[in-house]
Engineer: 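Once you've had a glance at the structure underneath, I'll fire off some questions.
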Amino acid sequence: MAAGNPAAKFIAGGTNLLDLMKLEIEAPQHLIDVNGIGLDQIEETDDGGLRIGALVRNTDLAADERVRRDYGVLTRALVAGASGQLRNKATTAGNLLQRTRCPYFYDTNMACNKRAPGSGCTALMEGAFSKQLGIIGTSDNCIATHPSDMAIALRLLDAVVETTNGSGATREIPLEDFYALPGDTPEVETILEPGELITAVTLPAPLGGVQMYHKVRDRASYAFALVSVALVLQDDGTGRVALGGVAPQPWRMTEAEAELPNGAAAVITRLLDGANPTEENAFKITLAERTLAAMLAEARG
Amino acid sequence: MDFNQPATENPADRQRVLGKSTPRIDGPLKTTGTAPYAYERHDVAEGQLVGYPLGSAIAKGRIVSMDTSEAEAAPGVQAVIRTTDMDVLGKFQMNVVPLFGGPEILHYHQAIALVVADSFEEARAATALIRVEYDEDETDGFDLAARREAALEQEGEIEQEVGDFETAFAEAAVTLDETYTTPAESHAMMEPHATIALWEGEGNLSVWTSNQMVAWNVQGLCDVFGLNKENVHVDSPFIGGGFGVKLFVRADAVLAALGSRETGRPVKVALPRPMIANNTTHRAETIQRIRIGANEDGTITAIGHDGMSETQPGGRGENCTAQTPVFYAGPNRLIVNRLVDMYLPEANAMRAPGEASGLMALEIAMDEMAEKLGMDPVEFRAINDTQVDPGDPEKAFSERHFVECLRQGAERFGWADRNQEPGSRREGMWLIGHGMAGGYRGAPSTTSAARVRLQPDGTAIVETDMTDIGTGSYTIIAQTAAEMLGLGVDKVEVRLGDSSFPVSAGSGGQWGASSSTAGTYAACVKLREEIARRLGNDDASALEFADGKVTTGDRTVPLTEIASDGEIVAEDTINFGDFREKFILATFAAHFVEVAVHVGTGETRVRRMLAVCDAGRILNPLSARSQVIGGMVMGIGAALMEELAVDTGRGFFANHDLAGYEVPVHADIHEQEVVFLDTEDATSTPLKAKGVGELGLCGIAAAVANAHYNATGVRIRDYPLTLDKVLDRLPTI
């Protein structure tokens, strides 16, 4: 049904889709309610990881004892997102698929290539408000960011998205490959095919190390990240780093992680190499570096 | 009742009910969801239709064409009202921009159409089908900073000129000359603007709405539609926050009335949240240059404040110099205000208009000046206190205990143990700083009427068109009547917000509490006189009202007996006499704050705050405290996060929803303490009370800013103090 009808959408928690429908940014003709079809369990996998059902609520995922014990960065990222009420509704799959909070995407009077392909990008026009928007991975057509916190931690953990389509075929997509950069088609945000449904997200065996998530914003809660940093740091000084709030997808690069022993500046210089910020959001480069530096200092005690 | 001389001892002084912390009597209605807010008043008129508004997509220009054919044909649609189908409607004098009518566009999201349909969803969907073509005008831009230079070349409006400021400033031993900016702010109240309107016959209009000033709303609707007051009925019993954005009639009421006039049925309209920031009003952006000159001993010799704000042509912008003529002493003064015309949405009143923005600048300047002088900022303020108008020493403050606020605040806060050297105190990853600021806000009281009805069962009903915007009006009015009639608060029913009731001062400018309780007092005095007359005693003041009984001489009569033949009704108005013009009536505060600034990220968290307030007699310490801490929360917002982001290319506020426009959340608020000085102001009202609804906001943002400087050693003069402004000047990690 979903595959055959481009005007159909799946709905689970609805925490973003309903907002977009109220503004008529999304106007699906059919909503397919996937609540109640199972997919709401967290199971251990044969290789020592976890399979998180697509409909596991953010609150339940964050509170799961195994997640808290073995994937602390995920719990920390989850509870840094949204509010308690929203996390109670929001699902794992829905969180991955939420859309940008760029103000021009939300204002239907304004040109936006993501909402109305070919109309232009107001955020890149003279005098636009772009403080929140992206600095890397963006294009001349779109500088929106992906707003998820959870996805940043999942990317750090090398999560894999499992899907199925209408004919029963399944795919396993590493989160690294899941999102599409805007390029000339900012309206295309993932590699999912029409009708393809996320069934689970799997985590490999635990990484150990010190796991931290620092979401930076001007108020203490209930705001999207200016920059967020997910970090796993091992005793030997190696580790992983992923950034949120800077790009259309979780931003991570193994070459940059190799610089961890050389400190935050080295990591961020590599990770944000090629950044193309606006005047209003150039501070995000400094902010990412200083946030990581503070986290490294804390992690090392 | 004429209030022609300072209050002497009177029945309100007994303080059996007044002055006691009393939980809000409307609290249970609100916590159980049964308080009838405007949009949910399904029972007031049958057959309600729903209207959904359309706002302009441009800031300035005119509509060339509007195609509503698809909308009109959409399911459920009953009517489409188009601005192009009528002349520009009339305008209430306090509104700057007309609310509807004609093709001219003066700001983004100006209402240009209303779709009326059977359901909300149908109305909304049909609205999206309207096609509008515009002819956009060139403007002088939307960037206040870019227009400042030109504006400074124009003559400003001189608010105060005393002595020879320029010479005194040039000759001063220690001087400060700095410029501060405050951004445009949105009221961001919880309940959006909402109205149900019913237009009957040739011009009988009833509106159930959410409005702070019922009588102004009646007048506003008369002005907009050319109606007679006696044919307009306004009802606004519960208001989910206003902060000034609901002072005047707004598009929700106008559109609902138009929809009802067109369809002949009741129509309800709520402004969608994303439309509120640009359709309604905001606190104007300001740029403020402050110059202070002082002797080595800290005595101010010269004070200059040059304020600038944006406004729609004909508007008043933000009077950010409001406090400066009288807050601190100094023989040479020059206070100037400038307006820059701009086609941003309408700038108008927001909680503590003037002082809230002005003190954000002035109280940083005072902090900077104290540092230059090497003085404790508390001491610097204390030695520059004045008990009279520095521009007119014949005019004294009725009561001014600002120095006591400063001293008590310093003592309670532990100011002596503060971090003295900026940027030097650290706890882990956090830099710790302390700051303080003074607070000032005028205390106007104005004409207010009420009706009191003693019931045969011995209870009383108070009726006045006063509003309760979440402030506690219901409760303090009940307390006033209870005190005057010797009843418990539970024996008094208060009815508010109905234009058929006697006209009150309404809620605004922190005049509501003092004025409406004075009006209630006047009505109660009249009722007491009538009771005295019925008891054969001409001297009502000789009567003792207590425990539901009245005693005259050795005779005690229950109120139930007095009213046994039917209710006794008394109505009166408090009128404030000229004698008060010899005085300045104002409220004062000293704010003390401790902040922590993350050394890596610049995130700022307020850890504790204290306000010591001098605001006359406190009628209800519980609700007064709520008002002050609410103001302090708003001040944290102003200091650290609130900013309507101007898209200077397209001329509108881009972050126009509650996700983009950040106000403090619970996690931002930690320890708050409020102390009220025991001060009565007999010049203010018979109850010796003043307002306190805005004082909590006045000065607090600067206290946060000063604490931020104390923590980081980095002085930020542009609000809000978001982390991007401090990041590159924080210490290396």
Side-chain angles (χ1 to χ4, degrees), chain A residues 19 21-25 27 82-84 101-104 106-111 122-132 147 214-224 226-229 263-265 280-298 301, chain B residues 55-58 108-109 121 124-125 127-128 141-143 272-274 428-429 598-606 636-637 640-643 645-660 662-670 720-725 727-728 730 732-733:
Chain A
D19 283 352
M21 288 172 63
K22 288 174 188 170
L23 296 165
E24 307 221 330
I25 293 162
S83 67
R101 290 339 193 260
C102 174
Y104 299 105
Y106 271 73
D107 189 329
T108 51
N109 287 325
M110 295 293 143
T122 310
L124 283 168
M125 294 177 189
E126 179 81 24
F129 171 57
S130 61
K131 183 180 172 185
Q132 285 280 346
H214 193 143
K215 181 178 186 180
V216 184
R217 43 196 165 169
D218 287 312
R219 70 176 167 190
S221 180
Y222 203 43
F224 294 99
L226 292 166
V227 162
S228 66
V229 179
E280 279 188 354
N281 66 20
F283 75 94
K284 287 190 173 190
I285 297 173
T286 312
L287 181 57
E289 181 188 321
R290 294 190 63 94
T291 307
L292 179 60
M295 291 167 78
L296 290 172
E298 278 197 281
Chain B
S56 165
I58 66 164
Y108 190 74
H109 274 172
E121 288 75 14
R124 185 177 62 194
T127 306
F142 303 93
D143 183 347
R273 179 67 67 182
M429 297 304 283
H598 193 281
V599 70
T601 64
E603 292 161 286
T604 302
R605 305 292 177 244
V606 177
I636 288 183
L640 298 179
M641 62 194 82
E642 288 190 44
E643 174 172 24
V646 182
D647 180 319
T648 56
R650 281 138 295 280
F652 77 114
F653 300 125
N655 55 340
H656 52 61
D657 60 34
L658 292 180
E662 293 180 18
V663 297
V665 294
H666 285 95
D668 290 299
I669 308 303
H670 297 275
L721 282 68
T722 49
L723 56 90
D724 51 301
K725 293 173 185 166
L727 206 53
D728 56 2
L730 289 172
T732 313
I733 300 158

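Please read all numbers here as calculations on a predicted model, not as lab measurements. All chains are named by letter (A, B, ...) in the order of the sequence lines, taking the proteins before the strands, and each is independently numbered beginning at 1.
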Engineer: Quick check on Thr108(A) against chain B: is it the side chain, the backbone, both or neither that has a heavy atom closer than 4.5 Å?
Structural biologist: neither

Engineer: Identify which part of Glu298(A) has an atom lying under 4.5 Å from any heavy atom of chain B, answering side chain, backbone, both or neither.
Structural biologist: side chain

Engineer: Identify which part of Phe142(B) has an atom lying under 4.5 Å from any heavy atom of chain A, answering side chain, backbone, both or neither.
Structural biologist: neither

Engineer: With chain B as the partner, which of Ala282(A), Ala223(A), Ser221(A) has the greatest number of non-hydrogen pairs under 4.5 Å?
Structural biologist: Ser221(A)

Engineer: Could you tell me which non-hydrogen atom of Asp647(B) sits nearest to which non-hydrogen atom of Ala128(A), and how far apart they are?
Structural biologist: OD2-CA, 3.8 Å

Engineer: Between CG of Asp724(B) and CG of Leu226(A), what distance do you get to the nearest 0.5 Å?
Structural biologist: 7.5 Å

Engineer: Can you tell which of Leu292(A), Thr286(A), Leu287(A) has the highest number of heavy-atom pairs within less than 4.5 Å of chain B?
Structural biologist: Leu287(A)

Engineer: Just checking, is any N or O donor in the side chain of Asp668(B) or Tyr222(A) under 3.5 Å from an acceptor N or O on the other one?
Structural biologist: no

Engineer: Which atoms of His109(B) come close to chain A, meaning under 4.5 Å heavy atom to heavy atom: side chain ones, backbone ones, both, or neither?
Structural biologist: side chain

Engineer: Nearest 0.5 angstrom please: Arg219(A) CZ to Thr722(B) OG1, how far?
Structural biologist: 14.0 Å

Engineer: Ala293(A) versus chain B, heavy atoms under 4.5 Å apart: side chain, backbone, both or neither?
Structural biologist: both

Engineer: Only pairs of heavy atoms separated by less than 4.5 Å count here; which of Met429(B), Met641(B), Arg124(B), His598(B) has the most with chain A?
Structural biologist: Arg124(B)

Engineer: Please look at Lys22(A) and chain B and tell me whether the side chain, the backbone, both or neither of the residue comes under 4.5 angstrom of a heavy atom of that chain.
Structural biologist: both

Engineer: Using heavy-atom distances under 4.5 Å, tell me whether Leu296(A) contacts chain B through its side chain, its backbone, both, or neither.
Structural biologist: neither

Engineer: So which part of Met110(A) gets closer than 4.5 Å to some heavy atom of chain B, the side chain, the backbone, both or neither?
Structural biologist: side chain

Engineer: Side-chain contact test, heavy atoms from C-beta onward, threshold under 4.5 Å: evaluate it for Met21(A) versus Glu121(B) and give yes or no.
Structural biologist: no

Engineer: OH of Tyr108(B) to CG of Asp107(A): how many Å apart, nearest 0.5 Å?
Structural biologist: 3.0 Å

Engineer: Any idea which heavy atoms bring Glu24(A) and Ala125(B) closest together, and the distance?
Structural biologist: OE2-CA, 3.4 Å

Engineer: Among Thr732(B), Thr601(B), Leu727(B), which residue satisfies the side chain to side chain contact (heavy atoms under 4.5 Å, CB included) criterion with Arg290(A)?
Structural biologist: Leu727(B)

Engineer: If I take atom CZ from residue Phe283(A) and atom CG from residue Leu723(B), how far apart are they, to the nearest 0.5 angstrom?
Structural biologist: 6.0 Å

Engineer: Determine the minimum heavy-atom distance between Arg650(B) and Glu126(A), stating which atoms define it.
Structural biologist: NH2-O, 2.8 Å

Engineer: What residue, out of Thr604(B), Asp657(B), Asp728(B), Val663(B), has the most heavy-atom pairs lying under 4.5 Å from chain A?
Structural biologist: Val663(B)

Engineer: Nearest 0.5 Å please: distance from the OG1 atom of Thr291(A) over to the CD atom of Glu603(B).
Structural biologist: 7.0 Å

Engineer: Heavy-atom cut-off 4.5 Å, strictly under: side chain, backbone, both or neither for Arg605(B) against chain A?
Structural biologist: side chain

Engineer: Under a 4.5 Å heavy-atom cut-off, does chain B meet the side chain of Gln132(A), its backbone, both or neither?
Structural biologist: side chain

Engineer: Could you tell me whether the side chain of Thr648(B) reaches within less than 4.5 Å of the side chain of Phe129(A), counting heavy atoms only?
Structural biologist: no

Engineer: Identify the heavy atoms of Pro103(A) and Ala654(B) that sit nearest to each other, and give their distance.
Structural biologist: CB-O, 3.6 Å

Engineer: With a 4.5 Å heavy-atom cut-off, do Arg217(A) and Glu662(B) have their side chains touching?
Structural biologist: no

Engineer: What part of Val646(B) lies closer than 4.5 angstrom to a heavy atom of chain A: side chain, backbone, both or neither?
Structural biologist: backbone

Engineer: Could you tell me which portion of Leu730(B) (side chain, backbone, both or neither) has an atom closer than 4.5 angstrom to a non-hydrogen atom of chain A?
Structural biologist: both

Engineer: Ala659(B), Ala128(B), Ala645(B): which one forms the most heavy-atom pairs within less than 4.5 Å of chain A?
Structural biologist: Ala645(B)

